[in-house]
Amino acid sequence: MGSRGRPRGGRDRGRGAEPEPTRPVPEPEPSLEPASEAASASASAAASAAASSASGSAGGGEEETAAPEPGGRAERRRLARRVRRRRRTRRAGELPLLVVVALCIALLLKTFLVQAFFIPSGSMEQTIRIGDRVLVDKLTPWFGAKVERGDVVVFKDPGGWLKGEAAQPDQDPAGIKQIKEALTFIGLLPSADEQDLIKRVVGVGGDTVKCCDARGRVTVNGAPLDEPYVSPGNAPSEIRFEVHVPKGRLFVMGDHRANSADSRYHLDEAFDGTIDENGVVGQAVVIAWPFDHWRRLEQPATFLTVPDPARTGRRRGRLGRRRGTAFA
């Protein structure tokens, strides 16, 4: 019993202790991640790989069929061509409208403002020659302006005055004639066959026009006229007359006195060859063609010396009108 109570180690120490077998040290286990986090990480990695692969393949496709960037040079050129095409189309569509507007404006100008007239005869030479084009002011009569002595006016034929005076215009071939008539109607060409005449006003309503004084000059209200505009070699008048011009009428004469069938040649008719003021189309203000004969047609200074028949001693002249040269 005593031996059982001895410690076993003492006996072992006496006999020599046997080494205890070494236990294998367990390797530290890796830390475990939650299953959900692991799965998420795996999914993210897979998605990244798939995205990289997809982007790579897509990028390669873009390189093969890439369209030019919106701001590229080719795109800008295409836009510029498109804009030019649109502008050409718009201009082509606006052209008929512009033509119509221009024709309407020309027609209004001819009707109310200015009209061109072709001179077919030589009754106003050398002031106005055959073939000249004159511009006639049709606006001022609308504002109550009255015709004055010395004015060159275009007026409607009172009846039979054009016989033997106006030259017949040349006949144009078919087609050209119609085009000229259309352009004449709207005022782009002067008329060559209208029944109009052009003369110089010598006396107005109330005046007494007489030929001639002791020196062979025409007088108006007793005042002799100095007429350097009369065609060279012509006398002021070969016909003797004395006419009292009725109110509202005009006594007219051509500058080519030897070749003008004017008021002097109609003295035996009603109103002693005078014309109605209402028959005046307008005042000729300028010779527009040809250019080498361009000139203004102003009131000759000699008519500013003519006294008013109603008030002796007062001069009749257009108020505020600039005095021209002695020539018309």
Side-chain angles (χ1 to χ4, degrees), residues 123-124 127-128 134 136-159 161 196-213 217-230 236-237 239-255 257 260-267 269-285 296-328:
S123 66
M124 284 294 292
T127 305
I128 304 174
V134 298
V136 174
D137 173 20
K138 303 173 73 173
L139 178 64
T140 51
W142 289 84
F143 296 96
K146 296 294 184 180
V147 178
E148 297 288 340
R149 306 183 194 98
D151 288 346
V152 177
V153 296
V154 173
F155 57 94
K156 298 293 183 183
D157 184 4
W161 283 37
D196 301 322
L197 297 98
I198 184 167
K199 305 292 180 189
R200 188 181 299 278
V201 176
V202 178
V204 296
D207 287 346
T208 298
V209 184
K210 183 179 178 179
C211 179
C212 295
D213 65 359
R217 297 173 298 181
V218 174
T219 64
V220 179
N221 300 332
L225 300 178
D226 181 19
E227 301 182 286
Y229 47 79
V230 172
S237 179
I239 301 173
R240 302 285 171 170
F241 61 89
E242 181 174 358
V243 175
H244 300 282
V245 183
K247 292 291 184 181
R249 302 191 70 86
L250 307 169
F251 190 89
V252 295
M253 299 172 69
D255 289 354
R257 300 290 165 83
S260 176
D262 46 44
S263 293
R264 298 169 298 157
Y265 288 82
H266 301 276
L267 295 174
E269 298 177 6
F271 304 105
D272 297 327
T274 60
I275 65 169
D276 190 346
E277 285 184 351
N278 295 326
V280 175
V281 176
Q283 179 189 350
V285 292
R296 292 186 59 185
L297 298 172
E298 298 181 331
Q299 184 185 37
T302 186
F303 287 98
L304 300 178
T305 65
V306 176
D308 192 327
R311 296 172 183 172
T312 306
R314 294 192 62 181
R315 306 301 180 188
R316 184 184 179 95
R318 182 165 296 162
L319 182 62
R321 181 169 181 175
R322 186 177 64 181
R323 289 186 58 153
T325 61
F327 293 87

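- Note that CD1 of Ile239 and SG of Cys211 are 9.0 Å apart. Values are rounded to the nearest 0.5 Å.
- Between Ile198 atom CD1 and Asp262 atom CG the span is 13.0 Å, to the nearest 0.5 Å.
- Leu197 places none of its side-chain heavy atoms less than 4.5 Å from the side chain of Val252.
- For the pair Arg149 and Phe303, the cation-pi test (distance below 6.0 Å, angle within 45°) is failed.
- Between Asn221 and Thr208 the shortest side-chain heavy-atom distance falls below 4.5 Å.
- Between Asp213 and Pro224, the shortest heavy-atom contact is OD2-CB, 3.7 Å.
- The SG atom of Cys212 sits 10.0 Å away from atom CZ of Arg217, with the distance rounded to the nearest 0.5 Å.
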Residue pair Lys156, Asp196: steps toward the salt bridge (charged side-chain N to carboxylate O under 4.0 Å, His left out) verdict: CA-CA 5 Å; Lys156 298 293 183 183; Asp196 301 322; 3.4 Å; yes

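- Side chains of Val152 and Ile128 form a contact here, defined as non-hydrogen atoms less than 4.5 Å apart.
- Just one of Asp272, Asp276, Val204 meets the side-chain contact (heavy atoms from CB on, under 4.5 Å) condition when paired with Arg249; it is Asp276.
- The CG atom of Asp151 sits 13.0 Å away from the NZ atom of Lys146 when rounded to the nearest 0.5 Å.
- Side-chain contact check for Arg200 versus Pro300: some heavy-atom pair is nearer than 4.5 Å.
- In this structure, Phe155 and Trp161 have perpendicular ring planes: the angle between them is above 60°, well past the 30° mark.
- In this structure a side-chain-to-backbone donor-acceptor pair under 3.5 Å is missing from Asp207 to Val245.
- For the pair Gln283 and Val147, the minimum side-chain heavy-atom distance is 4.5 Å or more.
- Under the 4.5 Å side-chain criterion, counting only non-hydrogen atoms from C-beta, Thr305 is not in contact with Asp226.
- Side-chain contact between Met253 and Ser260: absent, with no pair of heavy atoms (C-beta onward) separated by less than 4.5 Å.
- Scored by the side chain to side chain donor-acceptor pair (under 3.5 Å) test, Glu242 finds no partners at all (sequence neighbours excluded).
- When side chains are defined from C-beta on, Arg264 counts as touching Arg257, because their heavy atoms get closer than 4.5 Å.
- Thr219 is linked by a side chain to side chain donor-acceptor pair (under 3.5 Å) to nothing, counting only residues two or more places apart in sequence or in another chain.
- Here the CE atom belonging to Met124 is positioned 9.0 Å from the OH atom belonging to Tyr229, to the nearest 0.5 angstrom.
- Across all their heavy atoms, Ser263 and Gly273 have their closest contact at OG-O, 2.8 Å.
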